[in-house]
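Data first, discussion second: the structure below is written as structure tokens.
Chain letters run A, B, ... following the sequence lines, proteins first, then strands; residues in each count from 1.
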Amino acid sequence: MRLVTWNINSVRLRIETVMKMLDKQKPDVICLQETKTPDEFFPLDAFKDKGFKHYHFTGMKSYNGVAILSKLPLDQVEIHKRVGKTDCRHISARVDKKFELHNIYIPAGGYEPDPEINDKFKHKLDFVDELTQWFPKERSASTPMIAVGDFNIAPLENDVWDHKKMLKVVSHTPIEVEKFKKFQDSVEWVDAVRHFVPEDKKLYSWWSYRAEENWDAADKGRRLDHIWVTKKLKPALKKQQILRELRGWEKPSDHAPVILDLTD
DNA sequence: ATGGTTGGTTACCAA
């Protein structure tokens with residue numbers, strides 16, 4: 001089983017790019033974030049034509065939006081409203097009656113890493129706290145679970161290009177990393193990507209648009225996009241890929257797709 | 001120390 005997560009930064013603008021990726025990688029399930037479209041404008045037919053007959057998405061005008069497209073059957077579909085807001089950042093479904101899949105888009109958090117003066121940063125911290133509370137340990141005992149998405153936090157020193165410089169930059173501040181790790185401990189999530197890549201190796205999934213011409217050489221990336229699995233699924237982990245080269249395609253998203261292969 | 005780009009929407013906001 002092949003699973004992809006990708007912050008697409010407008011699914012309507014980049015639908016041809018998504019189709020090209022699907023042709024090359026042939027995943028069974030794809031999770032998108034920042035679809036940036038109300039549901040009635042979601043380009044569903046393009047996915048159906050590629051065999052993704054099962055789907056679950058929720059979107060809104062201009063911002064946010066998450067989608068699960070699947071070749072395998074989905075049931076138990078849910079939309080999760082978080083921290084009292086109606087933005088579209090967390091959906092879930094059971095895939096092929098085998099595991100519960102959560103597609104999550106954690107708020108970016110604005111510029112100033114101080115919840116007292118920056119409501120967006122407060123929103124981000126509250127969002128992670130709520131997720132930590134919402135996934136209790138008992139859940140992972142009964143059902144295998146996978147959580148994917150743009151978590152907008154790079155937790156490890158080698159998940160950013162310069163750990164010291166990034167300590168005051170939203171996405172890598174100590175308070176975010178602390179809350180991120182508490183979330184990760186909530187059901188003993190396994191970081192499925194780092195499972196294959198040692199922690200002393202630099203690894204990124206996002207490169208800012210603000211370094212467009214030399215993003216590859218400068219390589220000032222961050223690992224913001226994640227795939228986690230519960231312990232029961234750890235023996236099934238087979239392979240990971242971050243499709244860095246797609247960041248260099250025409251009109252790219254600033255995020256690269258992250259792929260996980262699991263044995264059936 | 002600062003500015004740099006993109007997308008949705010159409011004067012800025014969010015990332």
With A:V148, which of A:I104, A:L260, A:L101 fulfils side-chain contact (heavy atoms from CB on, under 4.5 Å)?
A:L101

Output yes when a side-chain donor or acceptor of A:S186 lies under 3.5 Å from a complementary backbone atom of A:P136, and no otherwise.
no

Side chains of A:Y204 and A:N158: any donor to acceptor distance under 3.5 Å?
no

Nucleotide-resolved protein contact map, nucleotides 9-15 of chain B, B/S/- at heavy-atom distance under 4.0 Å:
S----SB

A:L13 atom CG is separated from B:dT5 atom P, nearest whole Å, by 18 Å

Does a donor on one side chain and an acceptor on the other come within less than 3.5 Å for A:N152 and A:K124?
no

When you compare B:dT6 with B:dT2, how far apart are their P atoms, in angstrom units rounded to a whole number?
23 Å

Is A:K20 positioned over the aromatic face of A:W249, cation under 6.0 angstrom from the ring centre and no more than 45 degrees off axis?
yes

How far does the P atom of B:dT9 sit from the matching atom of B:dG3, given to the nearest Å?
28 Å

Provide the distance between the two C1' atoms, one in B:dA15 and one in B:dG4, to the nearest whole Å.
14 Å

Face-on cation placement of A:R223 at A:W206 ring, 6.0 Å and 45° thresholds
no

Which word best sums up how the rings of A:F127 and A:H123 line up, parallel for under 30°, tilted for 30 to 60°, or perpendicular for over 60°?
perpendicular

Within this structure, what is the CD1-to-P distance between A:I8 and B:dG7, rounded to whole angstrom?
11 Å

Taking the six-membered ring of A:W134, is the NZ or CZ of A:R82 close enough (under 6.0 Å from the centre) and on axis enough (within 45°)?
yes

Looking at CG of A:D150 and CG of A:D225, how far apart are the two atoms once the value is rounded to the nearest 0.5 Å?
4.5 Å

Mind listing the residues from residues 155-163 of chain A sitting with a heavy atom below 4.0 Å of DNA chain B? Number order is fine.
none

Looking only at side chains, do A:D191 and A:Q184 share a donor and an acceptor under 3.5 Å apart?
no

Using Watson-Crick and G-U wobble pairs whose two distances are both under 3.5 Å, how do you write the pairing of DNA chain B as dot-bracket, with | for links to another strand?
....((((...))))

To the nearest angstrom, how far is A:N9 atom CG from B:dT5 atom C1'?
11 Å

To the nearest angstrom, how far is A:N214 atom CG from B:dT5 atom P?
12 Å

When rounded to the nearest 0.5 angstrom, what is the spacing between CZ in A:F151 and CZ in A:F183?
5.0 Å

